[in-house]
*Asks:* 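Handing you a structure now.
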Amino acid sequence: MNFSILTNNMDMFLQGFKVTIIASVTALIASLLLGAFIAVLRIAPYKPLNRLGTTYVEFFRNIPLLIITLFVYLVFNFKGITAGTIALTIYTTAFIAEAIRAGILSIPEGQMEAARSSGLTYSQAMRIVILPQAIKVVIPPLGNQFINLVKNSSLVAVIAGGDLMYQADLISARTFRVMDTYILVAMFYLVLTIPLSLGVSYLEKRLAKSN
Amino acid sequence: MIVFDKVNKYYGDFHVLKNINLTINKGEVVVVIGPSGSGKSTLLRCINHLEAITEGSLTVNGISVSDKKTNINKLRREIGMVFQHFHLYPHKTVLQNIILAPMKVLGQTESQAKEIALKYLEKVGIADKAQSYPSQLSGGQQQRVAIARGLAMSPEIMLFDEPTSALDPEMIGEVLDVMKALAHEGMTMVVVTHEMGFAREVADRIVFLDQGQILEEAIPAEFYENPKEERAQLFLSRILNH
Ligand SMILES: Nc1ncnc2c1ncn2[C@@H]1O[C@H](COP(=O)(O)OP(=O)(O)OP(=O)(O)O)[C@@H](O)[C@H]1O
Ligand SMILES: [Mg+2]
């Protein structure tokens with residue numbers, strides 16, 4: 001393998017790398033907030049809200065991300081990277097909501113009952129008693145969702161998002177060094193995902209110990 | 001103080017409480033007994049609205065528990081509850097468990113709440129465990145913390161749902177002693193328990209529940225020595241002979 005592809009196109013790789021990181025982190029933060037919101041909708045003691053939350057989750061996690069991406073791009077006419085980040089958020093929210101919901105449901109019902117019977121409101125009980133316990137359970141699956149998110153962000157390339165994958169497409173089309181280019185780009189993804197993966201296992205072990 | 005008036009409750013088609021009429025006065029200790037599944041927990045949980053009644057009226061201090069206009073969080077300040085499995089918050093220390101509601105619900109300052117918490121920990125005999133986590137305590141100690149947590153709100157009523165049935169036999173006494181002391185101080189208590197010694201010593205009345213109905217209501221001596229209902233006799237002979 002020839003590393004001149006890398007050195008000759010360093011600025012393009014780095015530009016793509018930066019875009020991939022920004023899109024992933026933005027989509028992660030947005031889908032964490034939205035995911036927590038949807039999870040609470042699904043659990044709240046009010047049926048219509050439950051249904052709304054369930055509909056969201058079942059709809060968006062059961063269609064391909066590519067379709068959501070194209071849809072947001074074509075319908076709203078945003079720039080590629082904006083449309084891509086929004087699509088990633090919409091899609092990842094469904095999975096994160098499920099992870100958070102499972103975490104909340106893993107906390108014994110008696111915790112909520114004890115909190116409510118002492119006069120705390122539902123939202124106080126949720127914030128002070130349930131969520132701090134649920135977060136321990138939720139961190140490992142959330143880490144896995146973030147890894148998926150980073151990899152899924154490569155789909156932004158199909159709408160000219162300027163991310164790593166998009167730059168790689170440009171470079172390989174220009175140089176005809178297809179294998180070399182994509183091996184390099186895979187390495188860039190690994191630089192992001194391997195530390196995440198290790199971080200997740202580390203947290204998993206630590207949390208297992210603290211119980 | 002607590003008045004059930006023709007209360008019915010259903011879980012779907014299942015009629016779990018049937019025409020309950022029951023008045024519990026201030027300072028009274030009422031022990032509820034009955035076979036498994038007879039609705040004892042449900043009866044207790046209706047009092048602080050962990051379960052909603054389907055028909056009839058249930059009032060606490062004259063305030064309707066089921067009325068949509070009732071501020072249930074405010075009503076619950078007056079009603080402490082102790083569960084079979086303690087339900088202490090595992091991520092908080094004993095002290096934090098106790099001061100949480102007084103601070104968030106009653107608006108006490110942290111130092112006020114701590115002072116009161118320590119007083120009650122003293123009372124239940126485990127002031128030295130204030131900084132421990134629940135998982136570091138024995139079952140009996142956890143249940144005593146749970147009682148202190150309830151008392152720290154200065155409630156007028158304490159509800160106990162089988163507070164000793166999850167405990168090893170050698171720890172039952174320490175929890176019952178705390179409850180007896182509470183009863184002697186005049187706390188209004190509704191206790192689901194099969195501990196006959198406790199019932200005989202402090203209960204003013206025994207309520208026998210069977211298949212969702214109150215079959216018998218009597219003072220302990222009368223109930224245990226001379227149960228009128230055949231089903232109560234049968235039930236007593238079973239718990240005595242096990
Ligand atoms: N949420 C629920 N939905 C449907 N049925 C329920 C529910 N909770 C309780 N039940 C049923 O209602 C009946 C009464 O339950 P409850 O827990 O009040 O009984 P209990 O007298 O406390 O029994 P135990 O001695 O086993 O604690 C039982 O048959 C139970 O299966
Ligand atoms: Mg019960």
Side-chain angles (χ1 to χ4, degrees), chain A residues 32 36 39-40 43-51 54 99-143 200 202-211, chain B residues 41 44-52 65 71-92 96-108 113 133-135 142-143 145-155 157-162 166:
Chain A
L32 271 178
V40 172
I43 288 160
Y46 188 55
K47 283 260 155 55
L49 293 184
N50 302 163
R51 259 181 244 125
T54 309
I100 293 178
R101 186 178 83 108
I104 295 173
L105 290 181
S106 75
I107 306 304
E109 249 175 274
Q111 292 288 308
M112 180 56 101
E113 290 179 353
R116 289 308 305 276
S117 68
S118 73
L120 295 179
T121 63
Y122 180 80
S123 90
Q124 284 177 320
M126 205 38 138
R127 274 184 293 116
I128 306 170
V129 174
I130 307 298
L131 288 178
Q133 295 183 61
I135 205 77
K136 283 190 179 185
V137 188
V138 170
I139 282 176
L142 284 190
V200 171
Y202 171 76
L203 278 174
E204 256 173 307
K205 280 198 205 92
R206 255 195 51 175
L207 293 176
K209 238 187 276 164
S210 77
N211 287 336
Chain B
S41 298
L44 207 62
R45 294 157 59 87
C46 284
I47 298 174
N48 67 352
H49 203 57
L50 283 182
E51 300 289 350
V65 174
N71 180 344
I72 194 64
N73 296 321
K74 198 164 166 202
L75 194 63
R76 281 173 176 157
R77 294 177 192 176
E78 305 299 340
I79 310 172
M81 187 159 198
V82 173
F83 301 86
Q84 181 175 1
H85 296 285
F86 333 132
H87 299 329
L88 296 178
Y89 312 132
H91 60 304
K92 294 191 176 291
Q96 289 167 342
N97 263 274
I98 300 176
I99 65 176
L100 175 60
M103 286 176 64
K104 297 289 172 186
V105 178
L106 302 181
Q108 290 175 6
Y133 281 89
S135 59
Q142 290 189 52
Q143 195 59 298
V145 172
I147 295 173
R149 180 173 69 176
L151 293 176
M153 291 291 287
S154 325
I157 301 163
M158 286 287 286
L159 309 176
F160 295 84
D161 192 357
E162 305 208 34

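Every chain is numbered from 1, with letters handed out A, B, ... down the list of sequences.
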*Asks:* Report yes if the side chains of A:S118 and B:K104 come closer than 4.5 Å at any heavy-atom pair, otherwise no.
*Replies:* no
*Asks:* If I take atom NE2 from residue B:H91 and atom CD1 from residue A:I107, how far apart are they, to the nearest 0.5 angstrom?
*Replies:* 9.0 Å
*Asks:* Can you check whether A:P108 reaches B:H87 side chain to side chain, under 4.5 Å on heavy atoms?
*Replies:* no
*Asks:* What closest approach, in Å, do B:P90 and A:Q111 show between heavy atoms, and which atom pair accounts for it?
*Replies:* CD-OE1, 3.5 Å
*Asks:* What residues of residues 123-130 of chain A make heavy-atom contacts with chain B at a cutoff under 4.5 angstrom?
*Replies:* A:Q124, A:I128, A:V129
*Asks:* Under 4.5 Å heavy-atom distance to chain A, tell me which part of B:L88 shows up: side chain, backbone, both or neither.
*Replies:* backbone
*Asks:* For B:Y89, which atoms come within 4.5 Å of any heavy atom of chain A: side chain, backbone, both, or neither?
*Replies:* both
*Asks:* What heavy-atom pair brings B:R149 and A:A114 nearest, and what distance separates the two atoms?
*Replies:* NH2-CB, 3.6 Å
*Asks:* Looking at B:V105 and A:L120, what are the two nearest heavy atoms and their distance?
*Replies:* CG2-CD2, 3.6 Å
*Asks:* Is there a side-chain contact (heavy atoms from CB on, under 4.5 Å) between A:E113 and B:R45 once you walk through the steps?
*Replies:* CA-CA 10 Å; A:E113 290 179 353; B:R45 294 157 59 87; 2.8 Å; yes
*Asks:* Please classify the contact of B:I79 with chain A as side chain, backbone, both or neither, using a heavy-atom distance under 4.5 Å.
*Replies:* backbone
*Asks:* Please classify the contact between B:K74 and chain A as side chain, backbone, both or neither, with a heavy-atom cut-off of under 4.5 Å.
*Replies:* neither
